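Residue numbers start from 1 in every chain, and the chains themselves are labelled A, B, ... in the order their sequence lines are given, proteins ahead of strands. Note that the coordinates shown come from a computational prediction; the quantities given were computed from them, not determined experimentally.
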Amino acid sequence: MQFDAFTQTDPRLVALVEALNPAQREAVTAPSEHRLVLAGAGSGKTRVLTHRIAWLMAVEGVSAHSVLAVTFTNKAANEMRGRIEQLVNVPVRAMWVGTFHGTAHKLLRLHWREAKLPQNFQILDADDQQRLVKRVLKGLEMAEDRFPPKMVTGWINAQKEEGRRPHQMADQGDYSQRQLVRAYTAYQQACEAQGLVDFAELLLRAYELFRDQPAVREHYHRKFRHVLVDEFQDTNTLQYLWLRLLCGPEAKIFAVGDDDQSIYGWRGAKVENIQKLSRDYPGIELVRLEQNYRSTGTILKAANGLIAHNSGRLGKNLWTEDREGEAIQLYAAYNEYDEAEFVVNRMRDYLDGHGRYSDLAVLYRSNAQSRVLEEMLIRARLPYRIYGGLRFFERMEVKDALAWLRLLVNRDDDGSFERALTTPPRGVGATSLEKLRAFAKQHELSLWKAARSGSAALGRTSGALGLFLDQIDLLDQQTRELPLAAKMEKLIERSGLKEHYKKEKGEQAEARLENLDELINAAKSFERPEEEGLDPVLNFLTHAALEAGEGQANAGEEAVQLMTLHSAKGLEFPVVFMVGLENGLFPSMRAVDEGNLEEERRLCYVGITRARQQLTISYAETRRIHGVEQICAPSQFLKEIPSETLVETRPRAAVLRSSFGVQSGRGGYGGGGFGGGGAPRSGLGSGYEHGNAWRERQQEGYNLSRPALSAKMTAEVGYGGYKLGQRVSHPSFGEGTILSFDGEGERTRVEIRFANAGTKWLMLAMAKLSPL
DNA sequence: AACGCCTCCTTTTTT
DNA sequence: AGGAGGCGTT
């Protein structure tokens, strides 16, 4: 189809393409061929993907039925569907838009017979899987120290992600390899006996379904004429194999990705799939999106300069029509507290001016870094939100309740059986359970069936056990006709879980009860009867496994955002703080040891390109890591960012050090002092050399902790009855909040942020302060 | 079954 | 340091 012809005829199509730049337009409107779109950060990737679909429908008359769009996260999938519907102005329920796992799951539900699964198969989440592997290892009497469950689980998943089944590996490799295969075999048998499917299994089964069932394969070959894949650089071996099988001779692939943003190699993602795609589809058309609509020229220059240090890139250079913007601020903090304080102070500057809390994001390499930042944010009374952490459906109490529901659906689910049997406690202890397990194993029965049939062999225990079995059956009968939410409620009540958590002490208990209520609430939205022939209970349980829910309550509220660099991918913020740029932390020690520096660098690239207007980078010269104070060298990435994009912010060294007499060999700060003047220290010279020497000695086991201390100590002690964060009143400046202290005794000075008079340093002894 | 002590480990995360 | 998980005690 010719684009020009349509611009003149249909105003809707004009609107569809008019806002696109030439490269985007080409990607969106070119005739249907296989296409690979290399989309740089902030270049309008999602836009291209959604517009492409809208274009196909509007111009080429493609039906929603023949489109499949796959993403990695539910969030991305939901967003995509929403934006497509906005563009074409009608709901597109018939279109398959979902995650790899969600799509695989859908196929397996539709073709459970061909996939050789029970109709009511259940999904095992990571936690369930871990437990099951553990039990299997126990059963095989494999030593936990030699074969840690975590490692075995990882290994099994890795095999599945390479498309390998145990029988393909039998009798291969050394002793431990054989043991692993034995574990995989037993684990898989357990899953099959219990009708369970883990995440990797969803993909592998779907792959095998297409591989082994020509009728199914051909059906979908006829159906899906357009297969669109988001974040293609994140696909693993199995996902790629499956995509290839899924695309019939008529299907056109539209893959969007960015090799420079491949940061999940450690979990099996294969950037090479991009090159593979080009080899497997020789005619594939390559489109590069390099114009960036997100960041300032300076930020892009920094990002480009950094990523240029990677080898084997497909090659891209981001550019923008936007202005240069501000220089990137670089701050050398004394320690992690100083760093956090600096971040908070800069946040205040921004917030005083105009900004919203949610404009601000702090990105760090590892979760452990969030604690100090949090502390500082609390003191500063700034609302914040940390991404990541336990999700709703992963919470203990929620999983407990769901175990009861799962048991109603499938009595042979041993994991749920054990969970329901033991929580709340009912006098069936470890010994009885062990007996039951042994009996079940001996007769190759599920725990449920073993308990039912073997009561005699189980001796005295059978009393409490029998009561439990009857209770389950009774609950099943009594709730059979109830709508889902009512069923859930009754289960929570009658299982004794509610009572159990009521008895629990502490503030957690309350939250637990609330979560149980919330679970009932969540169940309500799955009550639409028999949608697409799916049983509401199965539907609900699937949702719980596949979409574990938001990382935290109150999503989307006005708050400063804290997250790892990994979870920041795909997001953008006007103001970004990237903290902890120290060798050993970022790049992480492990990455360096294992030679994964390039992926680390890409992670840094991702971090830089999250920023729209302002980027601030910081590192600490001293940091407590695993409980030990360490001297840190600045990250090597700092050297790789073009220096003309950076401006070093002078530290307020004296604030942190004067009172403790810490003047020791800290190269770099010496000249600055505090107060005006003084050229910013340029380059990062002195930090590096002694940093390396330190690392060498560190590896020999020396602990080079210095007797320094530190913002933390100051903060906790407080002065003359005043504490950090305290509200005070001053006769001429009005009300304010104490931000920090400096010095001791009568020389103590105090930094106060006044509501109407800005931030000031005052001598505590002189200032006529009164607490509020 | 609940509690407390001890040891171990420590990058990143989605489904 | 701090959390998790294992294990032994009450």
Side-chain angles (χ1 to χ4, degrees), chain A residues 70-77 98-105 123-131 134 144-145 148-151 154 157 160-161 197-204 206 231 234-236 238-239 262-269 336 363-372 387-391 393-394 422-433 500 503-505 542-549 551 563-570 580 584-594 596 599-600 602-604 606-607 623-630 705 712:
Chain A
V70 264
T71 64
F72 277 86
T73 66
N74 292 298
K75 194 175 159 209
T99 62
F100 275 97
H101 291 85
T103 308
H105 169 261
I123 299 169
L124 224 46
D125 73 13
D127 186 60
D128 301 332
Q129 183 189 29
Q130 182 78 60
R131 286 162 188 267
K134 209 166 171 174
E144 280 212 6
D145 48 343
K150 233 179 137 194
M151 174 249 138
N157 287 337
K160 291 188 176 188
E161 280 161 14
V197 172
D198 62 51
F199 288 135
E201 185 75 14
L202 285 170
L203 299 176
L204 184 48
E231 306 276 20
D234 289 338
T235 51
N236 64 31
L238 184 54
Q239 285 159 337
S262 161
I263 57 173
Y264 287 111
W266 52 273
R267 64 175 195 209
E336 67 268 36
L363 312 183
Y364 37 80
R365 176 66 239 260
S366 83
N367 286 306
Q369 288 171 259
S370 72
R371 219 196 75 247
V372 174
Y387 271 67
L390 260 200
R391 262 97 67 16
F393 286 104
E394 290 167 358
T422 47
T423 44
R426 52 170 41 68
V428 181
T431 332
S432 332
L433 191 54
H500 174 66
K503 276 189 302 207
E504 193 177 314
K505 51 194 182 287
T542 297
H543 174 85
L546 244 35
E547 303 189 39
M563 67 191 81
T564 62
L565 286 151
H566 281 92
S567 29
K569 191 167 78 138
L585 184 62
F586 189 28
S588 79
M589 189 83 98
R590 259 221 220 177
V592 175
D593 289 347
E594 292 168 8
N596 295 334
E599 181 155 305
E600 256 348 64
R602 291 193 288 267
L603 192 56
C604 189
V606 166
R623 182 183 297 271
R624 190 173 279 265
I625 292 173
H626 307 322
V628 186
E629 194 94 3
Q630 296 190 164
S705 163
K712 182 172 189 183

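A straight line from CD of A:Glu394 to P of C:dA4 spans 14 Å, rounded to a whole angstrom. Atom CD1 in A:Ile123 sits roughly 14 Å away from atom C1' in B:dT14 (whole-Å rounding). One atom, CZ of A:Phe199, and another, P of B:dT14, lie 11 Å apart when rounded to the nearest Å. Protein atom CZ of A:Arg267 is 9 Å distant from nucleotide atom P of B:dT15, rounded to whole Å. Distance, A:Gln130 CD to B:dT15 C1': 16 Å, rounded to whole Å. When the C1' atom of B:dT15 is taken as reference, atom CG of A:Asp127 falls 14 Å away, rounded to whole Å. Atom-to-atom, NE2 of A:His105 to C1' of B:dT14 comes out at 16 Å; the value is rounded to the nearest Å. Rounded to whole angstrom, the span from the CD atom of A:Gln239 across to the P atom of B:dT13 amounts to 18 Å.
Looking at residues two or more places apart in sequence or on another chain, you find a side chain to side chain donor-acceptor pair (under 3.5 Å) between A:Gln129 and A:Asn157, A:Tyr187, A:Asp198. When the side-chain contact (heavy atoms from CB on, under 4.5 Å) test is applied to A:Ala126, no partner is found at least two apart in sequence or on another chain. For A:Glu504, the side chain to side chain donor-acceptor pair (under 3.5 Å) test picks out A:Arg512, with sequence neighbours left out. By the ring-ring contact (aromatic ring centres under 6.0 Å, His included) test, A:Tyr364 pairs with no residue at all, sequence neighbours left out. Not counting sequence neighbours, the partners of A:Tyr264 by the ring-ring contact (aromatic ring centres under 6.0 Å, His included) test are A:Trp266, A:His566. With sequence neighbours left out, A:Asp128 forms a salt bridge (Lys or Arg N to Asp or Glu O under 4.0 Å) with A:Lys399, A:Arg406. In this structure, the side-chain contact (heavy atoms from CB on, under 4.5 Å) partners of A:Ser567, at least two apart in sequence or on a different chain, are A:Met563, A:Thr564. Remark: A:Glu201 pairs with A:Lys160, A:Arg165, A:Gln188, A:Arg205 by the side chain to side chain donor-acceptor pair (under 3.5 Å) rule, at least two apart or across chains. Evaluation of the side-chain contact (heavy atoms from CB on, under 4.5 Å) rule for A:Ser588 yields A:Arg365, A:Arg590, A:Ala591, A:Glu600 as partners, not counting sequence neighbours.
Contact of the A:Thr71 side chain with the A:Glu231 side chain is not registered, since no non-hydrogen atoms from C-beta on lie closer than 4.5 Å.
Between C:dG6 and B:dT11, the two C1' atoms lie 25 Å apart (nearest whole Å). Distance noted for atom P between C:dG5 and B:dT12: 16 Å (whole Å).
Within the 4.0 angstrom heavy-atom criterion, only backbone atoms of the sugar-phosphate kind lie near A:Asn74; the bases stay farther away. A:Ala200 comes within 4.0 angstrom of no nucleic acid atom, judged by non-hydrogen atoms across all strands.
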Are there any protein N/O atoms within less than 3.5 Å of an N/O atom in nucleotides 6-12 of chain B, and if so, which ones and at what distance?
residue : atom : partner  : partner atom : Å
B:dT11  : OP1  : A:Arg590 : NH2          : 2.9
B:dT11  : O2   : A:Arg365 : NH1          : 2.4
B:dT11  : O2   : A:Arg365 : NH2          : 2.0
B:dT12  : OP1  : A:Asn367 : N            : 2.7
B:dT12  : OP1  : A:Asn367 : ND2          : 2.9
B:dT12  : O4'  : A:Arg365 : NH2          : 3.0
B:dT12  : O2   : A:Trp266 : NE1          : 3.3
B:dT12  : O2   : A:Arg365 : NH2          : 2.6
B:dT12  : O2   : A:His566 : NE2          : 3.4

Could you write out each protein N or O paired with an N or O of nucleotides 1-4 of chain B at a distance under 3.5 Å?
residue : atom : partner  : partner atom : Å
B:dC3   : OP1  : A:Lys505 : NZ           : 3.2

Atom pairs under 3.5 Å, N or O on each side, protein against nucleotides 6-10 of chain C: can you list them with distances?
residue : atom : partner  : partner atom : Å
C:dG6   : OP1  : A:Lys134 : NZ           : 2.4

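Rounded to the nearest 0.5 angstrom, A:Leu238 CG and A:Phe100 CZ are separated by 9.5 Å. Here the CG-CG distance, from A:Leu565 to A:Leu603, works out to 4.5 Å after rounding to the nearest 0.5 Å.
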